[in-house]
Amino acid sequence: MNYKETLEYIHSVCWKGSRPGLERTEKLLEMMGNPQNNTKYVHVAGTNGKGSVCSMLSSVLREAGYKTGLYTSPFVRYFNERMAIDGEMISNAELSEITEYVKRFADKMEDVPTEFELITAIAFEYFSRNKCDIVVLETGMGGRLDSTNIITSTELSVITGIALDHTAYLGNTIGEIAAEKAGIIKNGRPVVFGGKSIEAYEVIEKIAKSNNSTLYTASENELDDVEFSLYGCSFDTDEYKKLFVSLVGDYQPSNIATALKCIGVLKNIGYNITEDALREGLKKVYWPARFEIINKDPLMIYDGAHNPEGLRGCVDSVKRFFGDQKVNIISGVMKDKNVDEMLPTVREIANEVFTVIPDNPRSMDSKTYADYYNKFGIKATAFDTIEEGVRAALEASKEQGRPLVALGTLYMYGDVRTALEKIYE
């Protein structure tokens, strides 16, 4: 298969849907010779912050000299971003070759795998073939029944913040969702919790005890003299002074504290991570679409906030950097999004909103989305294409001297970047 055929196969109709459970993944990997057993893992679950924590951990481990795999989802611009080794995403050729190999087994299965299960199997084969020392592995949804939870050689389990999301699959309370996330905890292996919910902590603590796992907690209160800029965050800890992380957003100190706690635990269990590796790894970390500056005149920021907790963090970040100044917003969301719940939070920062349709079959129509804002008293204009919306939002923002913030989903990041390239070519 060539690259185009590879993506068509991965995204083909027969794989669609989310069906929690490990049976299909277990069967497929068994047919492949269980490639997931050939490496070690830091396994990361949580509602928000997973990607940032994963990016920091993989960057530091790479600087420490370990051949480090990284598995994340969703991708923000190129599919290949979902699996990378030492900061380099999988090549088109290798993705096609491995997918063709996995296809031989998947096509024989009576109960075919879901898209995510197929991609996870491809990633395990990729990391195994390339003999990674360690893989930072992000769950897709939940934890207990997530296909990534087929692994047994976990060095460390990590659970970031817990919030209400994917309630149809994970439960209707923080405690129920925490129990699903805590399903990644492995017997006798340490676990780090970076969330703030006492209800979630109590559930995770109970599950950790039943697995004879030492539970560590992380808090942003462990960071001192935190200073923000639009280009990163500097801070001190009891052990280190003037560390700098090239990630932006009011929510990042919590993620940073979680990553630092994980690094401390990894050092305790024998990983050689020097101060230089820590400093360089944090300084070089890159994680797109998380309060990322993507244009400078006018200033345009992309934040993939897509649930209430993420949106709150984005709005607080806007207030931190721009004070009382209202910003313009370009946004698109999925049909299942509770827009009514978003509106009061968005109103705190919104001057006007430009609505677009993300390139996803689950996307909400831009006119329907704009109607929500207009009925709530926030001026909104709908656009048929992302390029038209970006062009209009940029013109208005430049004319008004206002920052522009893109938010609502990660699924429109690539098209927004492409639109910018066309506009400024």
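For the numbers below, each heavy atom of this structure counts, side chains included, while hydrogens, waters and symmetry mates do not.
- Heavy atoms only, all atoms of each residue included: Leu223 and Ile256 are closest at CD1-CG2, 4.1 Å.
- Tested against Phe291, the residues Phe228, Phe321, Tyr251 include a single ring-ring contact (aromatic ring centres under 6.0 Å, His included) partner, Phe321.
- Ala382 and Thr355 make their closest contact through CA-OG1, 3.2 Å (heavy atoms, listed as atom of the first residue, atom of the second, distance).
- Partners of Asp297 according to the salt bridge (Lys or Arg N to Asp or Glu O under 4.0 Å) rule, which considers only residues two or more places apart in sequence or in another chain, are Lys398.
- Donor-acceptor pairing under 3.5 Å is lacking for the side chains of Tyr78 and Asn92.
- For the 3.5 Å distance criterion, the side chains of Asn34 and Gln36 qualify, holding a donor opposite an acceptor.
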- Message: Applying side chain to side chain contact (heavy atoms under 4.5 Å, CB included) to Glu117 and Leu28, what does each step give before you reach the verdict?
- Response: CA-CA 9 Å; Glu117 290 165 351; Leu28 177 56; 5.9 Å; no
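- Within the structure, side-chain hydrogen bond (donor to acceptor under 3.5 Å, both in side chains) pairs that include any residue of residues 372-383 comprise Tyr369-Tyr373 (at least two apart or interchain).
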- Message: Run the side-chain hydrogen bond (donor to acceptor under 3.5 Å, both in side chains) test on Asn149 and Lys186 for me, step by step, so that the C-alpha distance in whole Å, both residues' side-chain angles and the decisive distance to 0.1 Å come before the verdict.
- Response: CA-CA 10 Å; Asn149 204 30; Lys186 298 295 185 290; 2.6 Å; yes
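- Using a cut-off of 4.0 Å between Lys/Arg side-chain N and Asp/Glu carboxylate O, Arg391 and Glu388 are scored as not salt-bridged.
- Taking the side chain as every heavy atom from C-beta outward, Val405 and Asn328 never approach each other to under 4.5 Å.
- A 4.5 Å side-chain heavy-atom check between Val136 and Met56 finds every atom pair outside the cut-off.
- The CZ atom of Phe354 sits 12.5 Å away from atom OG of Ser331, with the distance rounded to the nearest 0.5 Å.
- One finds the CD1 atom of Ile122 at 9.5 Å from the CZ atom of Arg82 (value rounded to the nearest 0.5 Å).
- The shortest side-chain heavy-atom distance between Ser147 and Arg24 does not fall under the 4.5 Å cut-off.
- Of the possible polar contacts, none joining the Arg77 side chain to the Tyr413 backbone as a donor-acceptor pair under 3.5 Å is found.
- Aromatic ring pairs are classed by plane angle as parallel below 30°, tilted from 30° to 60° and perpendicular above 60°; the pair Tyr71 and Phe116 is tilted.
- Checked for salt-bridge contact, Arg62 and Asp133 miss the test: no charged N lies under 4.0 Å from a carboxylate O.
- The local environment of CG in Asp359 is sparse, with at most 12 non-hydrogen atoms from other residues, nucleotides or ligands closer than 6.0 Å.
- Between Ile330 and Met412, the closest heavy-atom pair is O-CE, 3.7 Å.
- The pair Lys4-Glu8 meets the salt-bridge criterion, since a charged nitrogen lies less than 4.0 angstrom from a carboxylate oxygen.
- With hydrogens and angles ignored, the 3.5 Å screen pairs no side-chain donor or acceptor of Glu180 with any backbone N or O of Gly142.
- Here the side chain of Ser157 pairs a donor or acceptor atom with the backbone of Ile184 at under 3.5 angstrom.
- In this structure a side-chain-to-backbone donor-acceptor pair under 3.5 Å is missing from Ser128 to Phe124.
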- Item | CA sep, side-chain torsions, deciding dist, call: Lys103, Glu5, salt bridge (Lys or Arg N to Asp or Glu O under 4.0 Å) | CA-CA 12 Å; Lys103 180 180 185 294; Glu5 292 167 338; over 6 Å; no
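- Glu125 contributes atom CD, which lies 11.5 Å from atom CE of Met83 (distance to the nearest 0.5 angstrom).
- The shortest distance between side-chain heavy atoms of Thr368 and Val339 does not fall below 4.5 Å.
- Heavy atoms from other residues, nucleotides or ligands lying under 6.0 Å from NZ of Lys27 number 12 at most.
- Gln325 contributes atom CD, which lies 11.5 Å from atom CD1 of Ile349 (distance to the nearest 0.5 angstrom).
- The closest donor-acceptor contact from the side chain of Ser397 to the backbone of Leu394 lies at 3.5 Å or more, if one exists at all.
- When the shell of 6.0 Å around OH of Tyr240 is examined, it contains more than 12 heavy atoms from other residues, nucleotides or ligands.
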- With side chain to side chain contact (heavy atoms under 4.5 Å, CB included) as the test, would you mind laying out the steps for Leu61 and Leu266 before giving the verdict? CA-CA 10 Å; Leu61 284 165; Leu266 289 170; 4.3 Å; yes
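- Side-chain N or O atoms of Ser229 include one that pairs as donor or acceptor with a backbone N or O of Gly232 at under 3.5 Å.
- Side chain of Thr160 to main chain of Gly194: no donor-acceptor pair is present (N/O by atom type, distance under 3.5 Å, no hydrogens or angles).
- Of the possible polar contacts, one joining the Glu81 side chain to the Val76 backbone as a donor-acceptor pair under 3.5 Å is found.
- Comment: Arg417 does not engage Glu421 in a salt bridge, judged by the lack of any side-chain N to carboxylate O separation of less than 4.0 angstrom.
- Side-chain contact check for Val245 versus Phe235: some heavy-atom pair is nearer than 4.5 Å.
- A donor-acceptor pair is defined here as one N or O able to donate and one able to accept, closer than 3.5 Å; such a pair exists between the side chain of Asp86 and the backbone of Thr68.
- Side-chain atoms of Ser366 never come within 3.5 Å of backbone atoms of Val356 as a donor-acceptor pair (strictly under, hydrogens ignored).
- Under the 4.0 Å criterion applied to side-chain N and carboxylate O atoms, Arg312 and Glu348 are assigned as salt-bridge partners.
- Heavy-atom minimum distance, Asn80 versus Ile90: ND2-O, 2.9 Å.
- Heavy-atom minimum distance, Ala121 versus Met32: O-CE, 3.7 Å.
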- Report the C-alpha separation of Cys262 and Val42 in whole Å, then their side-chain angles, then the decisive distance to 0.1 Å, and conclude whether the side chain to side chain contact (heavy atoms under 4.5 Å, CB included) test is met. CA-CA 9 Å; Cys262 292; Val42 175; 5.6 Å; no
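- Considering Ile301, Val416, Leu404 in turn, Val416 is the only one that fulfils the side-chain contact (heavy atoms from CB on, under 4.5 Å) rule with Ile294.
- You'll find the side chain of Leu260 reaches within 4.5 Å of the side chain of Leu282, heavy atoms only.
- The neighbour count for Lys67 NZ, taken as heavy atoms of other residues, nucleotides or ligands under 6.0 Å away, is above 12.
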- side chain to side chain contact (heavy atoms under 4.5 Å, CB included) between Asp236 and Lys242, intermediate numbers included: CA-CA 5 Å; Asp236 297 339; Lys242 295 300 175 191; 4.0 Å; yes
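- Atom CG in Leu299 sits 6.0 Å away from atom CG in Leu230 (nearest 0.5 Å).
- In plain terms, the two heavy atoms of Cys314 and Leu407 that are nearest each other are SG-CD2, 4.0 Å.
- Side-chain contact between Thr6 and Phe79 is absent, with no heavy atoms from C-beta onward closer than 4.5 Å.
- Both the sub-6.0 Å distance and the 45° axial angle are satisfied by Arg129 relative to the ring of Tyr101.
- Here the CZ-OH distance, from Phe193 to Tyr201, works out to 9.5 Å after rounding to the nearest 0.5 Å.
- For the pair Phe75/Met89, no side-chain contact is recorded, criterion being any heavy-atom separation below 4.5 Å from C-beta on.
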